[in-house]
Amino acid sequence: MQDTIPAHVGIIMDGNGRWAQKRGLVRTQGHLEGLKAAKRITKAASDLGIKYLTLYAFSTENWKRSSDEVSFIMNLIKQYLRSEMDFSIRNKIRTRFTGDFEGLPDSIKKEIADTIRDTADFEGMQVVLAINYGGRDEIIRAFRKYAANNAETTAEINENDFHMYLDNPDIPDPDLIIRSAGEYRTSNFLLWEGAYSELYISDKLWPDWEKCDLEIAIADFQKRDRRYGGIK
Ligand code: IPE
Ligand code: IPE
Ligand code: MG
């Protein structure tokens, strides 16, 4: 039993489509409600004293969806970045990014880069947006950067040195990874960083998430016995 708040929480925000389908609405309506939930949970996480919050917003596999749905989500992300600026300033929230930035449309690249720059000095919670993110892709991109800098010594690669080439090496590994909407899989989220994360899966669809759901997940986390392969 521990009463500590997890320093880093990652969230696989799933179930927007099903939320809409249940109500006879189009999938994009679910994404719109999902955005509202993301805002609520960001505020709740900041109030609870979480230091890092990684939000899985769009995976490297989500390009398989219809171009209408993809562009709707991209526009929502832009809207999120703009509309959250006041909130970020008030709460000193720093925005960061993980994923394949180069593979994003130009307009959203600019919006992300501007937000990262404008919030860079804030010392409150850090929100890491995982957009065009895949755990395998992050590892491959890290390996390419590593190999470019260590051409002669690639065979001597070790975990600590390699880790420095991941997207945000200064951020501690997630203590807790939450998935909404009941699927028992990682869907390519934080494969390296999540090696010893505690997992919490809830059947509740993402647009229905409230602060109390985050509190329940944290209370569950606090009951876990983290052994990291050792014996206590
Ligand atoms: C999560 O909700 C949002 C993204 C993956 C962008 P989904 O759109 O995957 O919702 P379901 O899983 O179809 O219900
Ligand atoms: C994971 O959800 C990706 C995000 C939440 C951004 P998906 O809906 O894409 O995952 P699968 O297809 O159920 O594995
Ligand atoms: Mg889904």
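We count ligands from 1, going down the list as the structure has it; atoms in each ligand are counted the same way.
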Contact residues of ligand 1 with a heavy-atom cut-off of under 4.0 Å?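 These residues qualify: M13, D14, G15, N16, G17, R18, R27, H31, A57, N62, R65, I73.
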
Axial cation check for Y165 ring with K145, 6.0 Å and 45° limits: no

So is R65 actually on top of W63's ring, under 6.0 Å and inside 45° of the axis?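 Checked: cation-pi criterion not met.
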
Which of the ligand 2 atoms, numbered from 1, are nearer than 4.0 Å to a heavy atom of R185: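 Listed by number with element: 11 (P), 13 (O), 14 (O).
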
Count I, L, V, M, F, W, Y as connected when their side-chain heavy atoms are under 4.5 Å apart, and connections chain through other members. Are L129 and W206 then in the same cluster?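 Linked within one cluster.
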
N62 and S59 side chains, donor-acceptor separation under 3.5 Å: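 Yes, a side-chain donor-acceptor pair sits under 3.5 Å.
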
Which label fits W209 and Y200: parallel for a plane angle under 30°, tilted from 30 to 60°, or perpendicular past 60°? perpendicular

Fit a plane to each ring of F189 and Y133, take the angle between them on a 0 to 90° scale, and name the class: parallel (under 30°), tilted (30 to 60°) or perpendicular (over 60°). perpendicular

Is the closest side-chain heavy-atom distance between R141 and D167 below 4.5 Å?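 A side-chain contact under 4.5 Å exists here.
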
Ligand 2 contact on R179 by region, counting heavy-atom pairs under 4.0 Å: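 Contact part for R179 vs ligand 2: side chain (C-beta onward).
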
Quick one: report the N, O or S atom of D14 that is nearest to the Mg ion (ligand 3).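 Answer by atom name: OD1.
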
